[in-house]
Structure formats: structure tokens, C-alpha cells
Novice: 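Sharing a structure, written as C-alpha cells. Questions coming.
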There are 2 protein chains.
Amino acid sequence: MTAEQKKKGYLCEISCINEGKVCTVRNQMNSDRTMTQLASTFKALGDPTRTKIIFALSKEELCVCDIATLLKVSQSAVSHQLRILRNMELVRCRKEGKIAYYSLDDDHIKALMEEGLRHVIEK
Amino acid sequence: MTAEQKKKGYLCEISCINEGKVCTVRNQMNSDRTMTQLASTFKALGDPTRTKIIFALSKEELCVCDIATLLKVSQSAVSHQLRILRNMELVRCRKEGKIAYYSLDDDHIKALMEEGLRHVIEK
DNA sequence: TGATTATATGAACATACGTTCATATAAGAA
DNA sequence: TTCTTATATGAACGTATGTTCATATAATCA
């Protein structure tokens with residue numbers, strides 16, 4: 001491999017300074033699939049509208065228009081974001097006539113919010 | 001306000017079904033600034049490369065090229081992502097000669113990772 | 001000194017994202 | 001049935017994001 005290729009950052013040329021530590025971590029690392037799902041979960045929480053929706057639902061079960069009122073966001077925007085949260089299984093939906101009531105899907109979500117808030121408030 | 005304006009979703013026309021609950025949540029809601037910072041924190045964790053970096057650093061202090069080797073990602077990509085994590089105060093940097101060692105900035109980050117992993121693994 | 005090594009960063013690119021707008025669906029009221 | 005209300009969703013739009021490439025900086029080595 002030439003110096004030119006090296007300069008271009010070919011992956012196999014990256015040197016590793018602390019091989020032991022890298023090995024240790026590699027053995028503890030979860031599957032790529034798990035880590036990607038974890039990233040997706042954080043990403044789903046990583047938009048201000050969705051963060052507020054999750055926070056709100058950690059306090060009360062609410063319908064779409066309640067959330068829209070609370071957050072001062074359009075019904076459509078809320079609905080789109082709820083779909084993302086539903087697909088990620090962060091929230092669940094209960095229909096009562098034409099009204100859709102949303103709540104958190106499991107307790108880890110609330111715990112995540114609380115841990116995250118503690119971090120932010122401490123800074 | 002006309003039916004036409006209503007149809008267009010003007011914010012002030014959004015009806016609220018459970019006013020009491022909305023009030024309750026509003027009183028508990030953190031400031032917009034805090035919620036936005038919380039969203040930014042989750043967002044920073046919400047990319048597969050960064051998630052893996054944070055996980056790795058929760059196990060060992062590592063330098064840039066160690067991380068690049070571990071994740072099979074270019075040095076440049078790692079460096080860019082580390083800057084984002086540094087700016088968010090999720091990781092800190094310690095220089096030893098020309099080598100930059102990174103570690104988690106505080107314990108909440110590790111707790112977030114663990115809580116998130118528990119959620120993902122349970123699903 | 002000049003070469004090498006570890007890291008940082010700006011520009012460019014393709015892709016992904018969040019909102020709005022228009023409209024669809026479906027339940028309830030008149 | 002027709003009108004209204006609550007929600008869902010596709011398309012379009014501008015913006016943001018993550019990587020690569022090229023290069024800069026700064027420490028160490030020969």
C-alpha cells in the first residue's frame with residue numbers, strides 16, 4: 001500500500017494505539033443491530049417536538065389535539081411525530097370513538113426522560 | 001375566523017378535549033430551553049456512529065484512532081463526531097503528546113446508555 | 001531540519017428530516 | 001343523509017446531517 005493510499009485514509013491503514021483496550025471494548029460491544037436500534041431510539045427522542053410529546057405523555061395520557069394545544073404545534077405535525085413514536089414503539093395508541101389517546105409504551109421511556117433531564121439540568 | 005381558515009389549521013383554532021390534563025402537564029413542563037437542550041442531548045446520542053462511540057467510552061478511555069479501528073470508520077468521520085459530542089459536553093478530551101484521549105463527561109451519559117439498552121433489548 | 005504521525009476541520013455532496021398543505025378516513029351530531 | 005370533528009397521511013419544500021476528500025496543525029522522530 002502506497003503512502004498516497006495511506007494519506008487517503010484507507011480503513012485498513014488506521015493504526016490502533018491501545019490494542020488491549022480496543023479488544024476489551026470489542027468483546028463487550030453489542031451487535032450492530034442492537035446498537036443501531038439504540039441509536040434509532042435516541043434519535044426518536046432527539047427532536048424538540050417529540051421530546052415534549054414524550055414528556056407530556058410521561059405525565060398524562062393525552063389525545064392528539066390535547067398535545068397540539070399544549071405544544072402550540074399543528075395537528076398534522078403532532079400526528080406525523082406520533083407516527084414516528086408509534087413505529088419506534090415508544091408510545092401506544094388507544095381509540096375511544098374518534099379520539100386517539102396516546103400514552104408511553106413502557107417504563108424505560110420515562111426513566112430515559114428523567115435521566116436525560118437530570119443530565120441537562122446539572123449542566 | 002372563517003371555516004376556510006379553520007380548515008387550514010390555524011393554531012388558535014385547535015380544540016382541546018381534556019383541558020384539565022393539559023393544564024396539569026403544562027404546569028409540570030420544563031422551560032422550552034430545557035426541553036430543547038434535552039432533545040439536543042438525545043439527538044447527539046441518536047446516530048449509530050456516535051452511539052457506538054459513547055458505548056465504547058463508557059467501557060474504556062480511548063484515543064481517536066482506537067475508536068476508528070474499533071468502529072471501522074475513518075479517522076475523519078470519528079473526529080467530526082467527537083467534536084459534536086464534545087460540544088454537547090457528552091465527552092471530554094485529554095491530550096497526551098499528540099494523542100487525544102476521550103472519555104465520558106459525566107455518569108448520567110453512561111446511565112442513559114444502560115437504560116436505553118435495557119429498553120432496546122427488552123423489545 | 002524535514003518526514004511522519006495523530007488529530008482537527010472546511011467544503012462539497014447525497015441523503016434524511018420536520019413542517020406545511022391538501023386531502024382522506026371515520027366517528028358522531030344534526 | 002349531510003355536516004362537523006378528530007385523526008392520519010402523501011407530496012413538496014427548505015433545512016440539517018454524516019461522510020468523504022483535501023488540507024491544516026502540532027507533536028514526535030530521524
Side-chain angles (χ1 to χ4, degrees), chain A residues 1-11 13-18 36 39-40 42-53 62-69 71-88 91 93-102, chain B residues 1-11 13-18 22 36 39-40 42-53 62-69 71-88 91-102:
Chain A
M1 180 161 288
T2 67
E4 183 54 29
Q5 286 177 315
K6 235 163 103 173
K7 201 176 163 196
K8 295 224 172 176
Y10 278 64
L11 290 182
E13 272 298 324
I14 290 176
S15 63
C16 179
I17 289 178
N18 304 282
T36 300
S40 299
F42 284 130
K43 189 181 203 169
L45 298 170
D47 164 80
T49 302
R50 290 195 295 267
T51 308
K52 290 172 197 166
I53 290 175
L62 295 169
C63 71
V64 179
C65 60
D66 288 341
I67 299 171
T69 304
L71 305 189
K72 302 191 193 358
V73 168
S74 76
Q75 173 270 317
S76 178
V78 170
S79 213
H80 277 296
Q81 300 300 2
L82 282 169
R83 181 165 46 152
I84 291 171
L85 296 172
R86 235 188 302 126
N87 290 343
M88 287 300 303
V91 305
C93 183
R94 171 177 76 81
K95 280 288 184 82
E96 197 171 286
K98 63 183 167 182
I99 301 174
Y101 281 101
Y102 283 84
Chain B
M1 181 161 285
T2 67
E4 183 54 31
Q5 286 178 312
K6 234 163 102 174
K7 200 177 164 196
K8 295 225 171 174
Y10 278 65
L11 289 182
E13 272 298 323
I14 289 174
S15 62
C16 178
I17 288 177
N18 303 282
V22 170
T36 300
S40 299
F42 285 130
K43 188 181 202 170
L45 298 171
D47 165 80
T49 301
R50 290 194 297 266
T51 308
K52 289 172 197 166
I53 290 175
L62 295 169
C63 71
V64 179
C65 60
D66 288 342
I67 299 172
T69 304
L71 305 187
K72 302 190 191 4
V73 168
S74 75
Q75 173 270 317
S76 178
V78 171
S79 211
H80 278 294
Q81 300 300 1
L82 282 170
R83 179 165 48 152
I84 292 171
L85 296 172
R86 236 188 301 125
N87 290 343
M88 289 298 306
V91 305
R92 71 172 72 173
C93 183
R94 172 178 76 81
K95 280 288 184 81
E96 198 170 285
K98 62 183 167 183
I99 301 175
Y101 281 101
Y102 283 83

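Sequence lines set the chain letters: A, B, ... in the order given, protein chains first and strands last, and positions in each chain run from 1. Source: prediction; values computed, not measured.
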Novice: Can you name the residues that form a salt bridge (charged side-chain N to carboxylate O under 4.0 Å, His left out) with B/Arg83, not counting sequence neighbours?
Specialist: none

Novice: Show me, pair by pair, the donor-acceptor contacts under 3.5 angstrom made by side chains of residues 42-49 of chain A, not counting sequence neighbours?
Specialist:
from    : atom 1 : to      : atom 2 : distance (Å)
A/Asp47 : OD2    : A/Thr49 : N      : 3.1
A/Asp47 : OD2    : A/Arg50 : N      : 3.2

Novice: Can you see if the side chain of B/Arg83 gets near the phosphate of C/dG10 - specifically, an N or O under 4.0 Å from OP1 or OP2?
Specialist: yes

Novice: Please determine which of A/Val73, A/Leu82, A/Ile84 meets the side-chain contact (heavy atoms from CB on, under 4.5 Å) test together with A/Ile53.
Specialist: A/Leu82

Novice: Round to the nearest Å and state the distance from A/Ile17 atom CD1 to C/dT7 atom C1'.
Specialist: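 My rounded result for the distance is 10 Å.
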
Novice: Who pairs with A/Arg86 by salt bridge (charged side-chain N to carboxylate O under 4.0 Å, His left out), at least two apart in sequence or on another chain?
Specialist: none

Novice: What's the separation between atom NZ in B/Lys72 and atom CD1 in B/Ile67, rounded to the nearest 0.5 Å?
Specialist: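 It is 14.5 Å, given to the nearest 0.5 Å.
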
Novice: Using 0.5 Å steps for rounding, measure from the CG atom of B/Asn18 to the CD1 atom of A/Ile99.
Specialist: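 Output value for this atom pair is 7.0 Å.
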
Novice: Figure out the CG/P separation between B/Leu85 and C/dT7, and round it to whole Å.
Specialist: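 So the two atoms are 16 Å apart, to the nearest Å.
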
Novice: Would you check if B/Tyr102 and B/Asp66 make a side-chain contact, meaning some heavy-atom pair closer than 4.5 Å?
Specialist: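 No, their side chains stay 4.5 Å or more apart.
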
Novice: Mind listing the N/O atom pairs, protein and nucleotides 15-20 of chain D, below 3.5 Å?
Specialist:
from   : atom 1 : to      : atom 2 : distance (Å)
D/dT17 : OP1    : B/Lys43 : NZ     : 2.7
D/dG18 : OP1    : B/Arg50 : NH1    : 3.1
D/dG18 : OP1    : B/Arg50 : NH2    : 2.8
D/dG18 : OP2    : B/Arg50 : NH1    : 3.0
D/dT19 : OP1    : B/Thr49 : OG1    : 2.7
D/dT19 : OP2    : B/Gln81 : NE2    : 2.3
D/dT20 : OP2    : B/Ser74 : OG     : 3.1
D/dT20 : O4     : B/His80 : NE2    : 3.2

Novice: Give, ordered by number, those residues of residues 94-102 of chain A having at least one heavy-atom distance below 4.0 Å to an atom of DNA chain D; if nothing qualifies, reply none.
Specialist: A/Lys98, A/Ile99, A/Ala100, A/Tyr102

Novice: Show your working on side chain to side chain contact (heavy atoms under 4.5 Å, CB included) between B/Gln81 and B/Val78 and close with a plain yes or no.
Specialist: CA-CA 5 Å; B/Gln81 300 300 1; B/Val78 171; 5.9 Å; no

Novice: If you take atom types as modelled and just measure distance, does the side chain of B/Gln75 reach the base of C/dA6 with a donor-acceptor pair under 3.5 Å?
Specialist: no

